[in-house]
There are 2 protein chains.
Amino acid sequence: MRRTRVTSFDVAEAAGVSQSTVSRALAGSPSITEETRARVEAAAATLGYHVDARAARLRSGRTGTLAVVVVGRAGFDPTRVSGFHYALLGSTCAAAAECGYQSLVSFQSEQGSFSWNYVAQGQADGLVVMGTSVNRAAWNDLLETAPEGPVAVWGAPFDDDRWVRASNFEGAVMAVERLVSAGYRRIGFLGTVDSEHPQFAERYEGYRDTLVRHGLPVSDPLEVLGDDRVAGGRDAIARLLAAKQPPDAVFAANDAIALGALEALDREGVRVPEDFGVIGFDGLAAGVHSHPPLTTIEPDFAEAGRALVSRICDPDEEPTRRVPVRLIERGSVRAPR
Amino acid sequence: MRRTRVTSFDVAEAAGVSQSTVSRALAGSPSITEETRARVEAAAATLGYHVDARAARLRSGRTGTLAVVVVGRAGFDPTRVSGFHYALLGSTCAAAAECGYQSLVSFQSEQGSFSWNYVAQGQADGLVVMGTSVNRAAWNDLLETAPEGPVAVWGAPFDDDRWVRASNFEGAVMAVERLVSAGYRRIGFLGTVDSEHPQFAERYEGYRDTLVRHGLPVSDPLEVLGDDRVAGGRDAIARLLAAKQPPDAVFAANDAIALGALEALDREGVRVPEDFGVIGFDGLAAGVHSHPPLTTIEPDFAEAGRALVSRICDPDEEPTRRVPVRLIERGSVRAPR
DNA sequence: ATGAAAGCGCTAACAG
DNA sequence: CTGTTAGCGCTTTCAT
């Protein structure tokens with residue numbers, strides 16, 4: 001076994017150049033002859049040398065790392081994180097990699113142990129926070145801590161200049177247009193609209209505007225109770241069907257609610273999509289296997305990841321705040337008439 | 001703004017102690033008076049001081065970080081990673097956090113850009129690799145690269161001493177026992193059994209043993225073609241139902257296959273679970289919303305995460321190779337008779 | 001229990 | 001284009 005780590009000095013000696021030349025060559029500095037670089041790389045390869053990230057980071061002051069925090073529901077382990085946030089996590093890590101950044105990931109949900117100070121501690125160059133708006137304690141803590149360095153946020157129940165969101169209004173318009181084109185006429189909205197759910201409020205506006213434009217009746221948002229969206233969607237449908245004149249379609253504020261709605265509708269024997277249309281929002285993978293498969297509005301995850309990451313990697317760029325969405329046709333809305 | 005970073009020297013001065021005392025106090029060294037520690041902590045708090053991870057890591061040689069690589073299917077972005085691996089990723093990060101480790105996460109799928117050398121580069125103290133056995137190129141690359149440092153693996157299609165797996169045999173026994181107890185008698189197995197799928201082979205053995213023990217007929221494994229397990233499960237059912245004497249239940253080698261099977265069965269008008277039982281393996285979240293909801297064998301994700309992480313954090317411990325599983329009753333198997 | 005001093009391996013400023 | 005030099009901020013002996 002080698003007694004000590006191979007350093008850039010060893011490579012320098014083997015290649016017959018100075019240590020700083022090794023550093024420059026391996027860092028891809030343009031002011032190095034290709035011939036020298038080749039010699040250095042060859043020497044590095046034979047010696048099995050790798051730049052020590054610890055030393056490089058100390059000296060340069062940079063980390064090349066992004067801290068990514070996924071906020072979950074209090075009391076639930078990371079295994080129960082929504083598929084939406086997993087997908088967003090994946091595309092964020094991919095976008096970070098595109099910019100040459102690594103991703104330091106943590107799942108946080110419990111009050112008293114939140115930690116956002118990655119930049120101050122020299123562990124990352126910036127922070128991306130994503131997760132459920134339901135965990136107020138987490139978002140409040142983020143607001144109070146005011147971590148150093150650039151921050152980008154998805155899912156927070158507050159408005160500041162760091163959030164990135166789906167084009168909720170436009171998505172809602174697409175969703176409701178789709179229902180209208182299928183001939184549904186009494187279209188409800190499933191989801192609590194209040195200051196804690198700015199994304200739902202935006203979707204409700206798109207819903208309302210579209211119905212008004214078509215001269216169709218607009219309902220108040222039907223509140224979805226509890227933090228468990230699926231259960232909330234189930235209950236909401238029960239209440240909805242008990243009404244004097246129930247709707248013949250719903251736009252659910254998100255896919256979890258829609259999945260719950262689908263379950264309840266099936267149990268009540270309502271035929272979807274023939275007699276009742278359902279459309280969701282989020283593009284959840286679970287919607288592929290529901291009964292029927294869930295038609296939904298999906299944000300462009302790759303763009304979402306890029307938008308979050310670019311706030312940190314390209315701080316001079318004009319930040320993207322809205323991510324485009326598209327309609328995913330599955331089976332919970334009947335064909336256009 | 002402060003002109004330069006607050007260092008341990010600043011804290012030392014403010015607290016009236018030496019710099020090394022600051023280091024010891026904040027690192028929790030036992031050889032420091034509680035009184036001194038309190039003074040140091042107070043000073044650090046007022047100055048807004050945080051230990052610089054870059055410097056600490058360079059000096060100590062440790063990183064306090066685990067590299068976690070999620071291997072995906074070639075050509076697919078991280079958004080399409082199986083929910084199983086997302087859940088395992090989450091519980092691995094949680095287990096790492098329990099041991100005081102952070103998680104450097106990357107999603108890798110493309111040949112030519114695999115990277116496992118986190119330990120050699122001083123970016124992590126160990127490596128956890130998880131993902132689909134289908135990406136041969138990735139696993140071969142891992143084998144060839146032979147990265148430095150401790151490694152733990154989930155999902156690899158090879159046998160060496162680094163893997164951790166579910167108790168596949170025992171889980172298969174539980175699954176088939178459940179089908180037998182419900183009165184199904186011609187029980188098939190859905191899944192390709194070969195050297196590329198050691199976990200499927202183990203599940204098939206549990207299937208076969210259980211049927212033999214009950215004196216029931218054993219089928220050969222029904223091959224599931226292609227890398228898309230859901231499509232493969234659909235096709236397999238089509239072939240199965242075309243047989244002279246089709247089975248009245250299947251144990252699917254995993255939930256993705258089972259979900260495809262459920263779809264095909266529904267399309268063919270076969271009533272599940274009344275006339276046909278289906279049970280899967282993995283505990284996929286999507287199975288909650290399938291039609292009917294999928295009964296399955298779920299590994300203990302928290303234990304799985306701990307087993308992977310402990311190979312790196314507690315290298316002296318006897319490594320856990322098998323993770324316990326449990327039966328999740330949903331709706332694709334009828335009640336026991 | 002605390003202080004003094006050394007140095008981890010590298011990048012970057014400055015010469016040449 | 002390449003070499004020389006000086007630290008980055010901390011942990012860890014070694015003293016006391």
Side-chain angles (χ1 to χ4, degrees), chain A residues 2-41 43-44 47-65 100 117 119-123 125 148, chain B residues 2-41 43-44 47-65 100 117 119-123 125 148:
Chain A
R2 111 170 70 77
R3 58 187 65 245
T4 177
R5 181 170 238 287
V6 183
T7 74
S8 49
F9 285 92
D10 302 325
V11 178
E13 196 179 341
V17 296
S18 77
Q19 180 269 334
S20 37
T21 298
V22 173
S23 174
R24 290 193 192 100
L26 266 25
S29 159
S31 67
I32 292 281
T33 324
E34 276 313 317
E35 190 254 314
T36 321
R37 196 194 309 282
R39 265 218 329 286
V40 169
E41 280 171 352
L47 294 179
Y49 170 77
H50 298 276
V51 174
D52 187 319
R54 288 169 292 232
R57 289 172 176 201
L58 173 58
R59 180 55 238 233
S60 70
R62 279 172 256 110
T63 66
T65 301
N117 258 312
V119 176
Q121 292 167 203
Q123 314 211 95
D125 298 335
E148 258 180 45
Chain B
R2 106 171 74 76
R3 59 188 64 243
T4 178
R5 180 170 240 286
V6 183
T7 74
S8 50
F9 287 91
D10 303 324
V11 177
E13 196 180 339
V17 296
S18 77
Q19 181 269 334
S20 32
T21 299
V22 172
S23 174
R24 291 194 191 99
L26 266 25
S29 157
S31 69
I32 292 281
T33 324
E34 276 314 316
E35 191 253 316
T36 320
R37 195 193 310 282
R39 264 217 328 286
V40 170
E41 279 170 354
L47 294 180
Y49 170 78
H50 298 277
V51 174
D52 187 317
R54 288 169 291 233
R57 288 171 177 200
L58 174 57
R59 181 54 236 238
S60 70
R62 280 172 254 111
T63 66
T65 301
N117 257 313
V119 176
Q121 293 167 203
Q123 314 211 96
D125 298 336
E148 259 181 41

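Note on naming: letters A, B, ... go to the chains in the order of the sequence lines (proteins, then strands), and numbering restarts at 1 for each one.
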For residues 7-34 of chain B, which residue pairs pass the salt bridge (Lys or Arg N to Asp or Glu O under 4.0 Å) check, not counting sequence neighbours? B/Glu34-B/Arg37
By salt bridge (charged side-chain N to carboxylate O under 4.0 Å, His left out) - contacts of B/Arg54 (at least two apart): B/Asp52
Run the side chain to side chain contact (heavy atoms under 4.5 Å, CB included) test against A/Ser60 and tell me which residues pass, sequence neighbours left out. A/Arg62
Whole angstrom value for the distance that separates C1' of D/dT12 from CD1 of B/Ile32: 13 Å
Give me, pair by pair, the N or O atoms of the protein and of nucleotides 6-9 of chain D that are less than 3.5 Å apart, along with how far apart they are.
residue, atom, partner, partner atom, Å
D/dG7, N2, A/Arg59, NH1, 3.4

Name the nucleic acid region contacted by A/Thr33, choosing base, sugar-phosphate or nothing; use a 4.0 angstrom heavy-atom cut-off, strictly under. sugar-phosphate
Residue list, side-chain hydrogen bond (donor to acceptor under 3.5 Å, both in side chains) with B/Asp125, at least two apart or on another chain: B/Thr63
If you compare all heavy atoms of B/Glu148 against all heavy atoms of B/Ala120, which two are closest, and at what distance to 0.1 Å? OE1-CA, 3.6 Å
Counting only side-chain nitrogens and oxygens, does A/Thr21 get under 4.0 Å of the OP1 or OP2 atom of D/dT2? no
Would you call B/Gln123 and A/His50 a side-chain contact if the rule is heavy atoms closer than 4.5 Å? no
Results of side-chain hydrogen bond (donor to acceptor under 3.5 Å, both in side chains) for B/Gln121 - residues two or more places apart only: none
Could you go over nucleotides 13-16 of chain D and give all protein N or O partners under 3.5 Å, atom names and distances?
residue, atom, partner, partner atom, Å
D/dT13, O4, B/Arg24, NH2, 2.9

According to side chain to side chain contact (heavy atoms under 4.5 Å, CB included), who are the partners of A/Ala56, at least two apart in sequence or on a separate chain? A/Val51
Residues two or more places apart in sequence or in another chain: which of them pass salt bridge (charged side-chain N to carboxylate O under 4.0 Å, His left out) with A/Arg59? none
Across the strands shown, which category fits A/Arg37 at heavy-atom distances under 4.0 angstrom: base, sugar-phosphate, nothing? nothing
Partners passing side-chain hydrogen bond (donor to acceptor under 3.5 Å, both in side chains) against A/Thr7 (at least two apart in sequence or in another chain): none
Rounded to whole Å, please give me the gap between CZ in A/Arg57 and P in D/dC10. 16 Å
Check side-chain hydrogen bond (donor to acceptor under 3.5 Å, both in side chains) between A/Ser23 and all other residues, then give those that pass, not counting sequence neighbours. none
Identify the 5'-most and 3'-most nucleotides of DNA chain C with at least one atom closer than 4.0 Å to a non-hydrogen atom of chain A. C/dG9 to C/dC14
